[in-house]
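Throughout, protein chains are lettered first and strands after them, A, B, ... in sequence-line order, and every chain is numbered starting at 1. As the structure is a computational prediction, the values presented were derived from the model and not from experiment.
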Protein chains: 2
Amino acid sequence: MRLTKKERQSYLSQALEQNPFLTDEEVAKKFHVSIQTIRLDRLELGIPELRERIKHMAEKKFDHVQSLSPSEVIGEVIDLQLHKNGISLLEIGLEHVFERNQIARGHILFAQANSLAIALADWKVALTGNASIRFIRPVQLGEKCIAFATVAEAHDSRLHVGVQTKVQEEIVFQGDFEVYRVSDDRGN
Amino acid sequence: MRLTKKERQSYLSQALEQNPFLTDEEVAKKFHVSIQTIRLDRLELGIPELRERIKHMAEKKFDHVQSLSPSEVIGEVIDLQLHKNGISLLEIGLEHVFERNQIARGHILFAQANSLAIALADWKVALTGNASIRFIRPVQLGEKCIAFATVAEAHDSRLHVGVQTKVQEEIVFQGDFEVYRVSDDRGN
DNA sequence: CTCATTTTAATACCTAGTCCTAAGTGCTAG
DNA sequence: CTAGCACTTAGGACTAGGTATTAAAATGAG
């Protein structure tokens with residue numbers, strides 16, 4: 001016997017995570033055991049069969065594509081009063097962090113704040129002009145960031161928005177954004 | 001007979017595009033024809049079976065996730081002298097722009113500059129502290145952004161980096177980043 | 001040696017198909 | 001009216017990649 005049951009099962013879940021397209025037969029050969037053993041393993045580990053795995057992936061992708069294109073909205077706007085204030089929520093996931101240390105990349109927090117600031121402007125086309133920002137403490141994987149934006153100054157075609165992002169009452173990010181309006185067909 | 005063959009086939013491809021998870025049986029009921037008819041239709045239209053459709057979707061998603069996690073590297077670093085200067089290239093694609101007007105979202109340019117600034121620091125863990133930035137002109141879909149970063153000040157654990165992003169000699173973005181070092185196990 | 005765990009085997013069944021042959025339906029042109 | 005054609009439906013055989021169940025081996029530990 002090569003591996004113990006536990007070892008095999010741990011390798012199995014790894015392998016399927018890395019390549020979900022493997023059939024039971026293929027992994028069975030890899031581990032030099034019978035198909036049935038692999039199936040028992042999957043059963044115990046609660047890993048669904050190939051087709052279900054694939055289906056779930058496809059469903060996720062489908063949801064994703066339907067709901068938000070990757071860069072379109074970072075964070076979920078949960079409250080918004082145009083030209084006044086807004087709140088956006090973002091849970092830091094694996095796709096947001098440095099692999100090495102599980103700390104959220106700066107531009108993710110920036111993107112959340114920036115998106116919110118732009119959403120505050122009730123203009124067809126709004127862009128960011130200047131911004132000055134401060135990353136106060138690193139944000140870890142899994143933390144929920146709540147960005148609070150308030151309009152400090154409002155002009156015809158310019159908005160000054162202050163954004164504070166907190167994790168559990170603790171400020172982690174602060175930024176001032178100057179958002180300006182574009183006259184539709186390109187402008188500025 | 002409800003629909004002609006052509007009509008049915010056109011609705012069929014539409015329906016499957018909109019919801020690729022439909023089985024032949026389900027659409028057969030929808031169109032009040034037999035399963036065989038639907039299968040003939042798919043054959044003629046070159047539409048693969050449910051499982052293949054789903055698999056292809058999953059594969060696409062998989063490729064995506066494998067190649068670049070959306071936030072990991074924004075822009076391609078083409079030149080880098082640690083603690084001195086660096087250059088990064090980014091071609092604005094569909095995934096970077098507002099749908100409405102094909103202008104690159106601010107945080108994309110920020111992300112490119114931020115990634116480059118952090119790459120300049122030869123530290124295991126480097127994070128952005130403060131930054132002040134200026135979006136000088138909107139960047140359109142398809143434009144190639146070249147970010148030039150130079151270190152203005154270098155201390156033990158802090159780096160001041162200036163970044164200028166240009167599209168064909170024209171400055172579109174400017175930022176000053178303060179990058180700081182973290183003593184490995186979390187720190188700061 | 002014996003007992004429990006682990007592994008393998010064998011069988012029936014499932015879904016969502018493919019591929020193939022055959023037969024039925026509806027309409028049109030001679 | 002009927003032969004011919006396009007279209008539709010039906011049926012059977014086979015497929016992959018399983019589930020679920022039962023049963024028999026193999027193996028290791030006490």
Atom-pair distance (CG on A:Leu16; C1' on D:dG17), nearest Å: 14 Å
Grab the NZ-P distance between B:Lys6 and D:dC7 for me, whole Å please. 9 Å
Just checking A:Arg8: base, sugar-phosphate only, or nothing, at a heavy-atom cut-off of under 4.0 Å? sugar-phosphate
Interface residues of residues 38-50 of chain B with DNA chain C (non-hydrogen, below 4.0 angstrom): B:Arg39, B:Arg42, B:Glu49, B:Leu50
Classify the side-chain pair A:His83/A:Gln81 by whether it contains a donor and acceptor separated by less than 3.5 Å. no
At less than 4.0 Å, is any side-chain N or O atom of B:Thr23 found next to OP1 or OP2 of C:dA16? Yes or no. no
Grab the NZ-P distance between A:Lys5 and C:dA4 for me, whole Å please. 16 Å
Where does the angle between the aromatic ring planes of A:Phe177 and A:Phe110 fall among parallel (under 30°), tilted (30 to 60°) and perpendicular (over 60°)? tilted
Report yes or no: is the cationic atom of B:Lys55 (NZ for Lys, CZ for Arg) under 6.0 Å from the centre of the six-membered ring of A:Phe21, at an angle within 45° of the ring normal? no
May I have the distance from B:Leu22 (atom CG) to C:dT15 (atom C1'), rounded to whole angstrom? 16 Å
Chi angles and distances behind the salt bridge (charged side-chain N to carboxylate O under 4.0 Å, His left out) call for B:Arg137, B:Glu170: CA-CA 9 Å; B:Arg137 81 139 166 91; B:Glu170 194 184 352; 3.1 Å; yes
C:dT8 C1' sits how many Å from A:Asp24 CG, rounded? 15 Å
In whole angstrom, what separates B:Glu52's CD from D:dA16's C1'? 10 Å
Closest to side chain of B:Gln36, choosing from D:dG18, D:dG11, C:dA16: D:dG11
Is the closest side-chain donor-acceptor distance between A:Ser132 and A:Asp176 under 3.5 Å? no
Map B:Arg51 and B:Ser34 onto DNA chain D by nearest heavy atom, then report which one ends up closer to the 5' terminus. B:Ser34
How long is the gap from CD on A:Glu143 to CD on A:Gln102, to the nearest 0.5 Å? 11.5 Å
Using whole Å, report how far CD of B:Glu25 lies from P of C:dC14. 14 Å
Just say parallel, tilted or perpendicular for the rings of A:Tyr11 and A:Phe31, cut-offs at 30° and 60°. tilted
Output the rounded distance in Å from CD1 (B:Ile54) to C1' (D:dA16). 15 Å
